Amino acid sequence: MAVPRFHVAIPLAPAAVGSELALPEATAHHAVRVRRLATGDALVLFDGAGGEYAATLTRVGKRAAHVRLDAFVDGVAEPARAVTLAQALVATDTMDTIVRHAVELGASIVQPLVTARSTPFPAGAHGAKRIAHWQAIAVAACEQCGRNRIPAVANPVPLAAWLALREKSRIGIVLAADSGVAWSQLRVGAGDLDVLVGPEGGFALAEVADAQAAGFLAVSLGPRILRAQTAALAALAAVSLTWDDA
Ligand code: SAM
């Protein structure tokens, strides 16, 4: 059985290896009450800044739990290429799925976008709560899949603003079924990548043209029209398998 992994919301340092520390209350609850770990059990901790710590549960109290940090392991399970998934907003539960699987497939940022046909996003506290919810999904996905750097889920921005602000040195791919260019024809060099995916109603014609004017390559994933989540995850899997991890 895989050793259970927990994100801790406190900074850890390799210099602390060999010492004992109190787990933050939420992590202690998760480890002891939810995952039912007991004194002497092995676990892995990571703080999201890179690297992870092999640890042993040393003391369990009513609300608190202590661990000993046994060893630091640098840079596990991070892809070589930084990939941003720029996803036009779709329904919240579909975004939940996209965020979870995008993290597993190696995305380093999920950038929700407002487009002509995207799903409305609430303003103010309601919107902030939704981003926090997606960020928590990203943390849980990292705990599950072995990544140690937590991908950011950014605040939604309009497509035009994002195209204007993104780094021009990055490779851009916009998914468009009618582009006439198959994924297998794509030739991309080394470098970080932005993958742009439309909402369930698709991009407006001008939006694909705007992305192309900003240097994006328009690419088809085949003759079938995929749900937005299927398209996003198929593209991320293709990036990971053909140009990165595999
Ligand atoms: N009726 C919409 C249209 O024709 O554009 C369908 C949109 S589809 C449900 C959502 C998004 O997934 C699209 O905007 C596109 O980015 C991506 N997508 C779906 N199928 C695709 C395919 N075969 N090739 C490339 N992208 C695809």
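Since this is a predicted model, take the numbers as computed values, not measurements. Numbering of ligands and ligand atoms starts at 1, following listing order. Side chains are part of it too, since the values below use all heavy atoms of this structure and drop only hydrogens, waters and symmetry mates.
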> Looking only at heavy atoms, what is the nearest atom pair of Ala91 and Thr119, with distance?
Replying inline: N-OG1, 3.5 Å
> So does Glu167 have more than 12 non-hydrogen atoms from other groups sitting under 6.0 Å from CD?
Replying inline: no
>> Can you confirm whether the side chains of Thr84 and Gln111 place a donor and an acceptor under 3.5 Å from each other?
In response: no
> Nearest protein heavy atom to atom 25 (C) of ligand 1, by residue and atom, and its distance?
Replying inline: Leu221 N, 3.4 Å
> Which protein heavy atom lies closest to atom 5 (O) of ligand 1, and at what distance to 0.1 Å?
Replying inline: Gly202 CA, 3.5 Å
> Do His133 and Asp96 have side-chain atoms, one donor and one acceptor, less than 3.5 Å apart?
Replying inline: yes
> What part of Ala232, side chain from CB on, backbone N/CA/C/O, both or neither, has a heavy atom under 4.0 Å from ligand 1?
Replying inline: neither
>> For the OG1 atom of Thr58 and the CG atom of Leu69, what is their distance to the nearest 0.5 Å?
In response: 9.5 Å
> Can you tell me which residue and heavy atom of the protein come closest to atom 11 (C) of ligand 1, and the distance to 0.1 Å?
Replying inline: Gly198 O, 3.7 Å
> Between Ala176 and ligand 1, which part of the residue brings a heavy atom under 4.0 Å of the ligand: side chain, backbone, both or neither?
Replying inline: backbone
> In the protein, which heavy atom is nearest to atom 4 (O) of ligand 1, and how far is it?
Replying inline: Ile225 CD1, 4.7 Å
> Got an N/O contact under 3.5 Å between Arg224 and ligand 1?
Replying inline: yes
>> Is it the case that ligand 1 has an N or O less than 3.5 angstrom from some N or O of Val197?
In response: no
> Hey, which atoms in ligand 1 end up nearer than 4.0 Å to a heavy atom of Gly222?
Replying inline: 23 (N)
> Got a second to check how far Leu23's CG is from Leu45's CG, nearest 0.5 Å?
Replying inline: 6.0 Å
> Can a donor-acceptor pair be found between the side chains of Arg81 and Ser108 at a distance below 3.5 Å?
Replying inline: no
> Which protein heavy atom lies closest to atom 12 (O) of ligand 1, and at what distance to 0.1 Å?
Replying inline: Ala231 CB, 3.5 Å
>> With a 4.0 Å cut-off on heavy atoms, is Pro223 in contact with ligand 1?
In response: no
>> Please find the pair of heavy atoms, one from Phe216 and one from Ile173, that lie closest to each other, and give the distance.
In response: CD2-N, 3.3 Å
> Which heavy atom of the protein is the closest neighbour of atom 8 (S) of ligand 1, given with residue, atom name and distance?
Replying inline: Leu226 O, 3.3 Å
> Nearest 0.5 Å, what's the CZ-CG distance between Arg117 and Leu89?
Replying inline: 15.5 Å
> Does a side-chain heavy-atom distance below 4.5 Å link Trp243 with Leu193?
Replying inline: yes
>> Please check whether Leu175 reaches ligand 1 - meaning an N/O of the residue sits under 3.5 Å from an N/O of the ligand, judged on distance alone.
In response: yes
>> Give me the nearest non-hydrogen protein atom to atom 21 (C) of ligand 1 as residue plus atom name, then the distance to 0.1 Å.
In response: Ala177 CB, 3.9 Å
> What's the shortest distance from atom 10 (C) of ligand 1 to any protein heavy atom, and which residue and atom give it?
Replying inline: Pro199 O, 3.1 Å
> For ligand 1, is Val219 a contact, meaning one of its heavy atoms is under 4.0 Å away?
Replying inline: yes
